[in-house]
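Computed from a predicted structure; not experimentally measured. Residue numbers start at 1 and run along the sequence shown. Heavy-atom basis, side chains included; hydrogens, waters and symmetry copies ignored. When a ligand or atom number is given, it counts from 1 through the structure's own listing order.
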Amino acid sequence: MLVVMHHGASAEEVEAVCRTIREMGYQPVPMPGEQRTAVGLIGNDGPVDDSQVVCLSGVAQVMHVSKPYKQVSREWKAETTVVELANGVRVGGPEVVVIAGPCSVESEQQIVSAARAVSAAGATALRGGAFKPRSSPYSFQGLGKRGLELLALARQETGLPIVTEAMDEAGAELVAEHADCIQIGARSMQNYSLLRAVGRLGKPVLLKRGMAATITDLLLSAEYILAAGNPRVILCERGVRTFDSAARNMFDLNAIPIVQRLSHLPIIADPSHGTGLRDKVTPMARAAVAAGADGIIVEVHPNPDRALSDGSQSLFPDQFAHLMEALRLIAGAIDRSIAQSPSRAEPEVVRG
Ligand code: PEP
Ligand code: MN
């Protein structure tokens with residue numbers, strides 16, 4: 001339920017609404033806006049009787065949120081959320097972000113060389129897993145803490161903000177110390193204690209769609225993070241499992257406009273895991289931007305044939321550079337642009 005206050009409602013009137021909501025056994029979430037304040041009600045798992053609230057002074061309208069997720073819905077907040085990463089990178093605004101880098105951090109040489117290559121081509125942020133959720137326990141599991149330190153080094157070299165995955169609560173705290181955005185992978189999308197933990201940490205979160213998750217499941221998982229107090233969530237479509245084995249996953253481009261209608265959170269797309277096939281990554285990356293995604297996350301490796309994970313879906317650096325050229329044109333065609341890599345931003349002109 002959302003209680004919309006009259007323009008100019010007093011602080012006492014807003015407080016009376018909050019008090020009444022608490023007395024009803026729920027939690028009020030005051031949301032001051034430029035035009036008017038609203039007070040959201042959370043904690044209900046079904047319809048709420050609004051009779052005690054509609055009659056309160058200063059209340060203009062009571063709206064019932066029809067979806068099972070509340071705070072992530074467009075009904076709750078009409079304008080798109082912009083999630084700010086380090087160095088002024090904004091996700092959800094007119095600029096399309098490109099997060100690029102290897103699947104896993106493998107060595108200093110590998111991650112710094114990948115970071116330099118994607119930065120030179122104009123990427124906005126660097127990706128790379130230090131904690132890797134692998135289907136087999138015998139596959140490379142990532143460098144762990146050392147991987148995070150190498151990512152920090154790569155950031156120092158290039159200025160690119162870091163996006164990297166956390167697999168558990170302790171890992172999330174460690175990732176939050178080193179990275180600019182905590183990735184929650186497809187396999188962890190329904191790890192609710194992890195979602196609550198990243199909700200408490202308050203750092204930007206990249207929440208990937210589970211491989212068998214519906215869009216409602218994805219939005220409910222995002223709701224866990226917002227309900228724990230963190231509104232800085234970026235959603236990510238990365239393909240779902242289907243009957244067809246022609247590609248690794250079925251990349252669900254429908255999810256982009258559907259989510260944008262249902263939620264105010266930004267949504268990016270991952271054509272690398274969405275297809276699993278290097279030669280399909282570029283066309284689907286182009287399609288995702290054309291479909292209105294707020295960004296893409298794409299795997300790029302300096303030497304994909306030697307990669308310790310996901311080499312067969314990783315772009316060569318020169319393929320990535322070509323992709324960037326195409327993305328600039330496509331973004332321009334839909335009145336957007338590609339967010340500049342922070343290290344390449346023009347220095348501020350000092351007047352005096
Ligand atoms: C990854 O980004 O390398 C990854 C493991 O992705 P997903 O969780 O989407 O499978
Ligand atoms: Mn990968």
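The contact set between ligand 1 and Gly185, taken as ligand atoms under 4.0 Å from a residue heavy atom, comprises 8 (O). Shown in contact with Glu299 at under 4.0 Å from a heavy atom are these atoms of ligand 1, numbered in order with element: 3 (O).
One option in Arg127, Glu165, Met189 has a heavy atom closer to atom 3 (O) of ligand 1 than any other, and that option is Arg127.
With hydrogens and angles disregarded, no donor-acceptor distance shorter than 3.5 Å links the side chain of Arg134 to the backbone of Gln141. A donor-acceptor pair under 3.5 Å links the side-chain atoms of Arg74 to the main chain of Ala78, judged by distance alone. Of the possible polar contacts, none joining the Lys67 side chain to the Ser263 backbone as a donor-acceptor pair under 3.5 Å is found. In this structure, Arg187 contributes its side chain and Ser135 its backbone to no donor-acceptor pair below 3.5 Å. Side-chain N or O atoms of Asp50 include none that pairs as donor or acceptor with a backbone N or O of Val53 at under 3.5 Å. Using modelled atom types, no side-chain atom of Asn230 and backbone atom of Ile225 make a donor-acceptor pair closer than 3.5 Å.
With a heavy-atom cut-off of 4.0 Å, Met211 does not touch ligand 1 at all.
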>> salt bridge (charged side-chain N to carboxylate O under 4.0 Å, His left out) for Asp294 and Arg336? Distances and angles first, verdict last.
In response: CA-CA 10 Å; Asp294 295 302; Arg336 297 184 87 167; 2.8 Å; yes

> After noting the C-alpha distance and the side-chain angles of Arg22 and Glu15, does the key distance pass the salt bridge (charged side-chain N to carboxylate O under 4.0 Å, His left out) rule?
Replying inline: CA-CA 10 Å; Arg22 277 192 290 270; Glu15 178 44 35; 2.9 Å; yes

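The side chain to side chain donor-acceptor pair (under 3.5 Å) test with Asp310 is passed by exactly one of His301, Lys132, Arg248: Arg248.
With respect to atom 8 (O) of ligand 1, the closest heavy atom belonging to the protein is Ala186 N, 2.7 Å. For atom 10 (O) of ligand 1, the closest non-hydrogen atom on the protein side is Arg238 NH2, 2.7 Å. For atom 4 (C) of ligand 1, the nearest protein heavy atom (residue, atom name, distance) is His273 NE2, 3.4 Å. Atom 6 (O) of ligand 1 has Lys208 NZ, 2.9 Å as its closest protein atom, hydrogens excluded (heavy atom only).
Within the structure, ligand 1 has Cys103 among the residues with a heavy atom less than 4.0 angstrom away. Within the 4.0 Å heavy-atom shell around ligand 1 one does not find Arg209.
The SG atom of Cys103 and the NE2 atom of His273 meet at the Mn ion (ligand 2) at an angle of about 170°, given to 10°.
The N, O or S atom of Asp310 lying closest to the Mn ion (ligand 2) is OD2. Nearest N/O/S atom of Glu299 with respect to the Mn ion (ligand 2) is recorded as OE2.
Backbone and side-chain nitrogen or oxygen atoms of Lys132 are examined, and one is located within less than 3.5 angstrom of a nitrogen or oxygen of ligand 1.
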